[in-house]
Amino acid sequence: MSSVNEIRTAFLEFFAQRGHEILPSSPLVPRNDPTLMFTNAGMVQFKNVFTGIEKRPYSRAATAQKCVRAGGKHNDLDNVGYTARHHTFFEMLGNFSFGDYFKADAIEFAWTLITEVLGLTKDRLLVTVYHDDDEAFDLWKKIAGFSDSKIIRISTSDNFWSMGDTGPCGPCSEIFFDQGEKLFGGPPGSADQDGDRYLEFWNLVFMQYEQLGPGERVALPRPSIDTGMGIERIAALLQGATSNYDIDLMRALILAVAAATSVDPDGPQKASHRVIADHLRASAFLVADGVLPSNEGRGYVLRRIMRRAMRHAQLLGAKEPLMWRLVLVLVREMGTAYPELVRAEALIVETLRLE
Ligand code: GLY
């Protein structure tokens, strides 16, 4: 089994061997970017590098990025707990090229990593490309040896990625894994695409444009690459778990909730366990990055997340505050990869308890 911590390390080592600078995750509160409530993708810390405003001493980078999608364009809050895939907090693994390599290498790297390093079965893999992206279509055919039916052309915004109303954007190619007939769902682009069977786990964005405002798009100075792989999703695939909440890391948090409430984590109230596990991560990482609960802006979103978790703790019968008691387990699971969690542990505990 590949644990979340092992997958993160394998991903970063793979790209380090291919000339990428390995950088730490940037904070969840984007620096100098009032257009964005929270960091919602790996590319956020590189936004000005893509647009050419900022220069860096490297042209390739890779990260494991903390992300929160609970406000603004990408907002998953209300779904969390009730689906296999939604989170408020998640980690995105990404490799980036700033005017260096483009589609061919991005596809080649992705294919080598998932088939040779991570060992996913080729027969179960398929991809999408933006409907008019013949170049990406041909590259997948050549590099992966896919038949035409395994490269699906999609014309909707699903295959055109943008970080928000403004900022770098471009057509993308998503990689899917067919989890088999045991799960309901159809391939991307079909009527049943929202089912769980075909799992999208890696998005390769071919950054070519900058959105300046509604209807106003210009070409970036140099075509670039931005990719995002949800670590919880790839871990689920590698661990044979049909839900992200069954992977080693989330399971450890859920078992801590179960131990504290004596409620079956797999019984009728399993959604509440999941909400608490997810919201614990979002709350702890947001506090570690300097957000405190309040009645406006980022602090208000944090307050809503915390209180949603606390309501679910009450549903599980907790009479006393519960969340702060789980911080220890979270720090044990994620503190090595994210030392800011260790540094802020006392503050996180105190903030959760007071709220
Ligand atoms: N920036 C790529 C993604 O979020 O999918």
Side-chain angles (χ1 to χ4, degrees), residues 7-8 11-12 15 20 23 25-28 30 33 35-51 60-77 79 85-103 105-107 109-110 113-114 127-130 133 136 152 154 156-177 188 193 198-211 217 220 223-237 244 282:
I7 294 166
R8 191 187 303 106
F11 181 94
L12 296 175
F15 284 103
H20 292 64
L23 297 166
S25 170
S26 65
L28 284 168
D33 192 347
T35 68
L36 206 54
M37 180 162 268
F38 298 118
T39 299
N40 60 8
M43 56 73 64
V44 168
Q45 64 168 309
F46 305 115
K47 179 179 170 182
N48 289 341
V49 188
F50 285 121
T51 57
R60 298 174 175 205
T63 59
Q65 174 66 50
K66 303 175 281 190
C67 297
V68 165
R69 291 188 175 178
K73 177 174 159 62
H74 298 278
N75 183 359
D76 292 339
L77 181 60
N79 289 318
R85 306 295 167 200
H86 284 100
H87 301 280
T88 54
F89 174 95
F90 63 98
E91 280 180 83
M92 188 179 284
L93 299 171
N95 57 294
F96 308 92
S97 151
F98 312 115
D100 185 334
Y101 61 87
F102 198 43
K103 292 181 191 181
D105 283 333
I107 291 173
F109 289 155
L113 179 68
I114 60 179
V127 297
T128 59
V129 295
Y130 197 49
D133 194 347
I152 301 170
I154 302 280
T156 65
S157 61
D158 281 352
N159 277 73
F160 194 95
W161 197 87
S162 47
M163 67 178 289
D165 294 334
T166 58
C169 55
C172 60
S173 179
E174 296 188 312
I175 309 178
F176 287 74
F177 189 83
Q193 66 172 358
Y198 292 86
L199 177 63
E200 183 263 309
F201 63 96
W202 200 353
N203 186 17
L204 314 183
V205 185
F206 309 128
M207 286 290 199
Q208 280 169 281
Y209 308 107
E210 180 180 3
Q211 193 75 34
R217 190 182 286 167
L220 287 181
S224 296
I225 291 294
D226 153 37
T227 85
M229 168 152 60
I231 203 169
E232 295 80 5
R233 291 182 177 208
I234 186 70
L237 290 179
N244 289 5

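Just so you know, ligand 1 is whichever comes first in the structure, and atom 1 is the first atom listed for that ligand.
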key: ligand 1 contact on R69 by region, counting heavy-atom pairs under 4.0 Å   = side chain

key: Residues T51, L220; criterion side chain to side chain contact (heavy atoms under 4.5 Å, CB included); working and verdict   = CA-CA 6 Å; T51 57; L220 287 181; 4.2 Å; yes

request  = Please step through side chain to side chain contact (heavy atoms under 4.5 Å, CB included) for the pair L113 and W202, ending with a clear verdict.
outcome  = CA-CA 11 Å; L113 179 68; W202 200 353; 3.7 Å; yes

message = Return the closest protein heavy atom for atom 1 (N) of ligand 1 as residue, atom name and distance.
response = D226 OD2, 2.8 Å

inquiry  = Among all protein heavy atoms in this structure, tell me which lies nearest to atom 5 (O) of ligand 1, with the distance rounded to 0.1 Å.
reply    = N203 ND2, 2.9 Å

request  = Could you give me the CA-CA distance, side-chain angles and deciding distance for Q45 and T39, then say whether side chain to side chain contact (heavy atoms under 4.5 Å, CB included) is met?
outcome  = CA-CA 8 Å; Q45 64 168 309; T39 299; over 6 Å; no

Ligand 1 atoms in contact with A41 (distance to a heavy atom under 4.0 Å) = 1 (N), 4 (O)

query = With atoms numbered from 1 as shown, which atoms in ligand 1 lie under 4.0 angstrom from a non-hydrogen atom of V205?
reply = 2 (C)

ask   = Taking N or O atoms only and a 3.5 Å limit, does T227 qualify as a polar contact for ligand 1?
value = no

message = Polar contacts were defined as any N/O atom of the residue lying under 3.5 Å from an N/O atom of the ligand; does this apply to W161 and ligand 1?
response = yes

ask   = Between the side chains of T166 and Q211, is a donor N or O closer than 3.5 angstrom to an acceptor N or O?
value = no

task = Among Y101, F109, F46, F102, find the one that has a ring pair (Phe, Tyr, Trp, His ring centres under 6.0 Å) with F96.
result = F46

query = Is R233 salt-bridged to E200, cutoff N-O under 4.0 Å?
reply = yes

